[in-house]
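Worksheet for the structure shown next.
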Amino acid sequence: AMKGGEGGGVDSWVVTHQELDALVGDVLSCTYDQAVAPTCLKFYHNGNLVESATKEGIKGEVYPALFVAGGAELEYEFDGERGFAYPAPMGFSGVMADRRIM
């Protein structure tokens, strides 16, 4: 299950490698859907949805953050320019810059 309150606030969520049985070479990814209510943050492990980590009803802005420890190495891809290891789910793309209406 997803833990709240990480990163210094009650409005942050964490999925750990222990929860996912993640191994070297595995791919963790997420989607954030603002197109439908309630908004929905979903996590994936090697392209498969991790239903226990889904968070609905998020309000406000969302910022991706990654953390590794103990000598772990991390490769990341936010915008998809180098290609994602697994195709993004239908209707999703890489992280887009904030578009504020003035």
Side-chain angles (χ1 to χ4, degrees):
M2 205 172 209
K3 294 188 237 175
E6 302 292 336
V10 295
D11 293 330
S12 60
W13 302 277
V14 171
V15 178
T16 68
H17 69 89
Q18 292 96 343
E19 293 172 273
L20 301 176
D21 293 326
L23 303 171
V24 172
D26 283 2
V27 175
L28 306 178
S29 53
C30 67
T31 58
Y32 180 57
D33 193 350
Q34 295 176 286
V36 296
T39 58
C40 190
L41 178 66
K42 295 182 178 181
F43 290 86
Y44 300 81
H45 180 209
N46 292 330
N48 298 307
L49 176 64
V50 180
E51 291 189 37
S52 64
T54 297
K55 176 69 177 167
E56 293 184 339
I58 299 169
K59 294 182 169 82
E61 294 178 326
V62 174
Y63 300 96
L66 307 168
F67 173 79
V68 296
E73 295 182 16
L74 173 71
E75 292 182 37
Y76 60 89
E77 178 68 33
F78 287 115
D79 58 17
E81 286 186 14
R82 294 181 292 166
F84 293 121
Y86 293 91
M90 180 78 70
F92 289 92
S93 62
V95 173
M96 298 183 300
D98 186 14
R99 297 180 195 160
R100 295 185 188 261
I101 299 174
M102 299 196 175

Legend entry - Exercise: identify the closest heavy-atom pair between C40 and E56: SG-CG, 3.8 Å
Legend entry - Same apolar cluster (I L V M F W Y, side chains within < 4.5 Å links), V50/Y44: no
Inset, instruction - If you link ILVMFWY side chains whenever their heavy atoms are less than 4.5 Å apart, which other residues fall into the same cluster as V27? By chain and number, please. - result: Y86
Legend entry - With F92 via side chain to side chain contact (heavy atoms under 4.5 Å, CB included) - residues at least two apart: T31, D33, A88, P89
Inset, instruction - Run through the side-chain heavy atoms of Ile, Leu, Val, Met, Phe, Trp and Tyr, join any pair under 4.5 Å, and report what else lands in L23's cluster. - result: none
Legend entry - Heavy-atom pair with the smallest gap, counting every atom of H45 and D21: CE1-O, 4.0 Å
Legend entry - Considering all heavy atoms, the nearest I58-L41 contact: CD1-CB, 3.5 Å
Legend entry - Shared hydrophobic cluster, Y32 / L49 (ILVMFWY, side-chain heavy atoms < 4.5 Å): no
